[in-house]
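Report on one structure; see the data block that follows.
So you know, we letter chains A, B, ... as the sequences are listed, proteins then strands, and number each from 1.
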Amino acid sequence: EAGVTQFPSHSVIEKGQTVTLRCDPISGHDNLYWYRRVMGKEIKFLLHFVKESKQDESGMPNNRFLAERTGGTYSTLKVQPAELEDSGVYFCASSQDLLDTQYFGPGTRLTVL
Amino acid sequence: AQSVTQLGSHVSVSEGALVLLRCNYSSSVPPYLFWYVQYPNQGLQLLLKYTSAATLVKGINGFEAEFKKSETSFHLTKPSAHMSDAAEYFCAVSLYNFNKFYFGSGTKLNVKP
């Protein structure tokens with residue numbers, strides 16, 4: 001069974017540009033989560049989808065971040081326009097049910113110059 | 001509010017020595033507690049979890065952790081370190097609904113030959 005995959009693995013962009021990160025959860029997992037780790041700090045929750053609905057987006061930093069999960073399969077996280085402080089590693093996780101283990105992807109390392 | 005503190009961003013042990021990674025939490029309600037490990041270029045992998053059953057939890061790869069409510073701790077131990085244990089370890093707390101994790105800042109474990 002394939003795990004959670006994320007694309008790209010690395011992205012380097014200039015301040016003001018737009019970047020879209022993609023997450024493909026494990027097949028059949030209704031719950032999808034986005035987290036972010038900024039330079040050596042703790043991993044922080046961004047938001048949680050149940051199928052295509054946003055269940056909790058309390059961790060989204062500001063309105064420059066837009067997450068979507070059309071059709072309840074893969075998800076995208078768009079940052080527009082990117083700022084320097086958006087640099088970090090963005091993790092995606094999925095779980096079959098709410099109380100199940102969350103399986104994490106390898107992350108996307110975003111660098112904003 | 002929930003928070004997790006991992007003492008020591010870097011821990012170094014000799015191969016065969018005891019591994020002890022410390023985690024303290026604060027939570028307004030009884031928490032669920034987790035340890036995840038991240039090997040280079042991989043996603044976070046669940047080592048073990050405490051969900052209000054036995055206070056001593058055994059995980060994969062010979063790791064275990066003990067929930068101590070009076071000390072608000074959930075330290076991770078392994079009797080004998082292997083070179084393959086070198087990785088970054090994250091402690092996390094979740095509330096009853098599991099919908100989001102609060103992570104510590106991580107501890108990098110180095111194992112010396």
Query raised in the report: Is chain A contacted by the side chain of B:Gln38, its backbone, both, or neither, given a heavy-atom distance below 4.5 Å?
Result: side chain
Query raised in the report: Should we count CZ of A:Phe7 as having more than 12 external heavy atoms under 6.0 Å?
Result: no
**Report entry** Centroid-centroid distance, A:Tyr35 to B:Phe103, less than 6.0 Å
**Finding:** yes
Report task. Mind running side chain to side chain contact (heavy atoms under 4.5 Å, CB included) on A:Thr101 and B:Lys49 for me, showing each step along the way? Result -> CA-CA 9 Å; A:Thr101 296; B:Lys49 62 183 179 184; 3.3 Å; yes
Query raised in the report: Looking at A:Asp56, A:Leu47, A:Val4, A:Val89, which makes the most heavy-atom pairs under 4.5 Å with chain B?
Result: A:Asp56
Requested in this report: State the CZ-CD distance between B:Phe90 and A:Glu42, to the nearest 0.5 angstrom.
Outcome: 10.5 Å
Query - Atom pair CD/CZ of B:Glu88 and A:Arg37 - distance to nearest 0.5 Å - result: 4.0 Å
Query raised in the report: For A:Met39, does the CE atom have more than 12 heavy-atom neighbours from other residues, nucleotides or ligands under 6.0 Å away?
Result: no
Query raised in the report: Around A:Lys54, counting heavy atoms of other residues, nucleotides and ligands shown, do more than 12 lie under 6.0 Å from its NZ?
Result: yes
Report task. Identify whether A:Tyr90 and A:Val38 are in the same connected component of the hydrophobic contact network (ILVMFWY, side-chain heavy atoms under 4.5 Å). Result -> no
**Report entry** Connected via hydrophobic side-chain network under 4.5 Å: A:Phe45 and A:Leu21
**Finding:** no
Query raised in the report: Considering residues, nucleotides and ligands other than A:Phe65, do more than 12 of their heavy atoms fall under 6.0 Å from its CZ?
Result: yes
Report task. Pick one of side chain, backbone, both or neither for B:Leu44, based on which atoms fall under 4.5 Å of a heavy atom in chain A. Result -> both
Query raised in the report: Using non-hydrogen atoms only, which part of A:Ser58 is less than 4.5 Å away from chain B: side chain, backbone, both, or neither?
Result: side chain
Query raised in the report: With hydrophobic residues grouped by side-chain heavy-atom distances under 4.5 Å, do B:Phe63 and B:Leu56 end up in a single group?
Result: no
**Report entry** A:His48 NE2 to B:Phe101 CZ distance, which is reported to the nearest 0.5 Å
**Finding:** 10.5 Å
